[in-house]
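To keep things clear, I will list the structure first and then write my remarks on it.
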Amino acid sequence: MADKKKTGLLASIGDSQIWKSIFRTGVPVTRRQRMMGVLNSVFLHLHPVRLPKHAVKLKYTWCMGGLSFFLFLVLTISGILLMFYYRPTVEYAYTDIMDLSEQVPLGIMREIHRWGAHAMVIAVWLHMFRVFMTGSYKPPREFNWAVGVIMLFLTLLLSFTGYLLPWDQLAIWAITVGANMARATPFLGHEGPGASLLAIGDINLVSMTSDIRFALLGGRFVGEGALLRFYVLHCVGLPFIIAILMAVHFWRVRKDGGISTPV
Amino acid sequence: MLDGIKAFLDILSKPQISFTLIIFIFPFVIPPTMWFEKWHRKLGLHLLWTRKGGLYMFAFITIILLLGFFDENFGKILGKPDNVPIIILIYSVFFFLWLSMSSAYKNDERMARGEKVEEDYGPDEKVLVWPDLVYIEMIALILMTVFLLVWSIGLPAPLEEAANPSLSPNPAKAPWYFLGLQEMLVYFDPWLAGVIFPTLIIVGLMALPYVDDNPKASGYYSFANRRASIFIFLFGFLTLWVFLIVVGTFFRGPNWNFFGPFEEWSVAKVVPLTNVNLSEYVWVKMLRIGLPSHPLVREVVGIVIVVLYFGLPPVILARGKLRGLVERLGATRYALVIFLALSMMALPIKMYLRWTINLKYIIAIPESFFNI
Amino acid sequence: MKRRKFITWLSVGWLAFAGATGGFFTMIIRFLFPNVLFEPPQSFKVGFPSDFQLNQVDERFKQSQAVWLVRTAEGMYALSTVCTHLGCTPNWLITDNKFKCPCHGSGFRKSGINFEGPAPRPLERYRIVLAEDGQVLVDKSVKFQYEKGQWDSPEAFLTT
């Protein structure tokens, strides 16, 4: 035995070809290894290699942007799990939700999803609050602030579309009220100002079955069609858009000079 | 004694009183101009952002919430599972308001002494992401996960009776984060409160970096350098959004009537709210000749008022107090700022018109769904 | 190819591209509106006029059809149970003699006229006629709005 240093299970794993092929830089002990570790990891290279010192101070960042992203991941995972048991039809939706807490092991998945969604709304608001209070929306970060505002709006929409899915009294009345606001959209809703101007002769172009509310609900009232459309938007449509915008948002944080620094 | 305090709080929380108080107190707490700043210091309100002030605010909120939890009526509302986020929201908004303002005041004092701000470690002070940031993220994720798990195990998600399209629950509420909008719906028509105002909020927020041309205080907490923009933002966020959410959650009961926090939510409470349109005031009550049949003639007074409201102040201010702003921003951006500000102020104005003269609509053309 | 000819073809190409893109998005929007709606029938019989008590709001068809039927000394009318504010279902408060919406506090008189709260206009009335067998027939596909002067229409009010 010439090399006495490398013995034991952990060391031999760290020395194996498999481990080295995954983590090329090895255990990050030296400064160079730590920098290369961040650079070479697809997940960690979201971050720069080095940061100004204030960027790791919780008092400055509040960590709310990171927590929003983490909660989004929690919601994605718990949401996918919930989809295994939930059928978006008027007949089954309510009972499926009941079964989630009674017939399924680990019956708190729905709680994690719901409270996580509430927490994400708060985290996103507080993130915006922090960015405002530190003046971090100022040039050159104007565009990224605008992207963030759209994501804030999408977060609320995601939560709102999810609100209908349990198909209980709370759900349909919140959505009825919300969807009826769409009815009042100027020109696009059949009870909005200006909609009656869009007519050919006696035929209204914007009527109860051809306005924006109908497109949202897939019917004249909150029923089967609305449940399905909200389900699809909630599980696929909106997460798809917000994921793209998140990529843009994170990319621009780096490209606009990293976390805001005093100027 | 306790009942006396509760009765007092009930009266105090009426929107007419609480909203008026907030509007009057707000500029002294977050002073937008030097005149308010003078009084802010004289009244000792800057002490709110010290450690002691923060503790007092924390104690104040906690005492009121504790008072609520042990009260028969308020306790029922506070204990609703869906209202837990609001309590978290109240605490976190106050905490972070305190944190950001106290950091800002400290930085302002440093800058007044000619020192660097707290966040400024100089360009050479750098830390490595691994491990200095990664372990913080790791701890934050673990704490958040624990928090979520405790919350989820301790509090089952609410599930009411199965959907019944013919029976509206009383009161029927939107999700809590939309209760600010739902509160606006009491005063404005859906096309404004539900469509135009949310759009303006989004557009206004997105426009913010393009109309705030103050290059100072970017990347650190500061108040003295940008008091006006912080005042406007916090006024919108704290009073017109968070406060209205609290009102909508805790103070709106059956039939969407207003209830004090310690009042019982009785379905039988009758509040007469007979609202009158401006056109009726003008043609029927003042001129006593009855409503004209053509809607545009009928609503002419309201239309003139609305046009003047959005048309006159920009012109007057551009020649007077805000002349410097016009020169800096140019006509288009100045017009956008003023339009957004006037739209924001339209909400409190309409509230007061409702409370004082029971005004329903300034312009009422229900024939084509155009009501303001 | 001459330069002018090239530019002509270029603009034709771009126009075709814009037209195709526009048409494509129009098709996507049109896709959101199905041709057939599977919703319950809109007209139904509610019984004979004498089945309804005088000056009472009849709530028997609120649950199944979202309609209130009111019989007065002159005749009958059918009121929609959809609040004109944001579509909640108001409650008939017999002691206060009014419809009161729980969502935002709109109040309507027995006739359907709005008098308090944020509702911008009166409740809608549905077409109400006598069927051949003497029963009252309510047709929800035809609605009458007060603010448009449609309540004077003969089918908005069934004279008995």
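Letters go in sequence order (proteins before strands), and every chain restarts at 1. We use all heavy atoms of the structure for the numbers below, so side chains are in, but hydrogens, waters and symmetry mates are not.
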Note to self: More than 12 heavy atoms of other residues, nucleotides or ligands under 6.0 Å from CD of B:E161: yes or no?
What the structure shows: no
Using a 3.5 Å distance criterion without hydrogens, assess whether the side chain of [X] forms a donor-acceptor pair with backbone atoms of [Y].
X: A:H234; Y: A:L158; value: yes
X: A:N144; Y: A:H249; value: yes
X: B:D189; Y: B:L192; value: no

Would you call [X] and [Y] a salt bridge, taking side-chain N to carboxylate O under 4.0 Å as the test?
X: A:R114; Y: B:D82; answer: yes
X: B:R328; Y: B:D213; answer: yes
X: B:E118; Y: B:R110; answer: no

Looking at [options], which has the largest count of heavy-atom pairs under 4.5 Å with chain B?
options: A:I108, A:I150, A:I259; value: A:I108
options: A:F160, A:F143, A:F70; value: A:F70
options: A:P139, A:P48, A:P193; value: A:P193
options: A:R31, A:M64, A:M133, A:M181; value: A:M133

Contact class of [X] relative to chain A, heavy atoms under 4.5 angstrom:
X: B:P198; value: neither
X: B:V134; value: side chain
X: B:L99; value: side chain
X: B:F178; value: side chain
X: B:D120; value: both
X: B:Y177; value: both
X: B:Y221; value: both
X: B:N225; value: neither
X: B:S103; value: side chain
X: B:V117; value: side chain
X: B:K116; value: neither
X: B:E137; value: side chain
X: B:V129; value: both
X: B:F96; value: both

Can you say whether [X] sits under 4.5 Å from chain B via the side chain, the backbone, both, or neither, judging by heavy atoms?
X: A:Y60; value: both
X: A:S159; value: both
X: A:F221; value: neither
X: A:L67; value: side chain
X: A:V74; value: side chain
X: A:L126; value: side chain
X: A:V49; value: both
X: A:W145; value: side chain
X: A:R34; value: both
X: A:L44; value: side chain
X: A:T261; value: backbone
X: A:M35; value: side chain
X: A:H190; value: backbone
X: A:L170; value: both

Flag the pair [X] / [Y] as yes when at least one side-chain heavy-atom distance between them is below 4.5 Å, and no otherwise.
X: A:V177; Y: A:W173; answer: no
X: A:W115; Y: A:I112; answer: no
X: A:L100; Y: A:M109; answer: no
X: B:F233; Y: B:L205; answer: yes
X: B:W191; Y: A:T185; answer: no
X: A:P186; Y: B:F369; answer: no
X: B:L240; Y: B:F197; answer: no

Note to self: Looking at A:F132, I'd like to know if the NZ or CZ of B:R226 sits under 6.0 Å from its six-membered ring centre while staying within 45 degrees of the ring's axis.
What the structure shows: yes
Looking at [options], which has the largest count of heavy-atom pairs under 4.5 Å with chain A?
options: B:G122, B:A163, B:P156, B:P123; value: B:A163
options: B:I88, B:L97, B:V93; value: B:L97
options: B:L89, B:N164, B:I136; value: B:N164

Checklist line | Closest heavy-atom pair and its distance - A:E111, B:L155 | finding: CG-O, 3.5 Å
Next item on the list: Fit a plane to each ring of B:W151 and B:F147, take the angle between them on a 0 to 90° scale, and name the class: parallel (under 30°), tilted (30 to 60°) or perpendicular (over 60°).
Entry: tilted
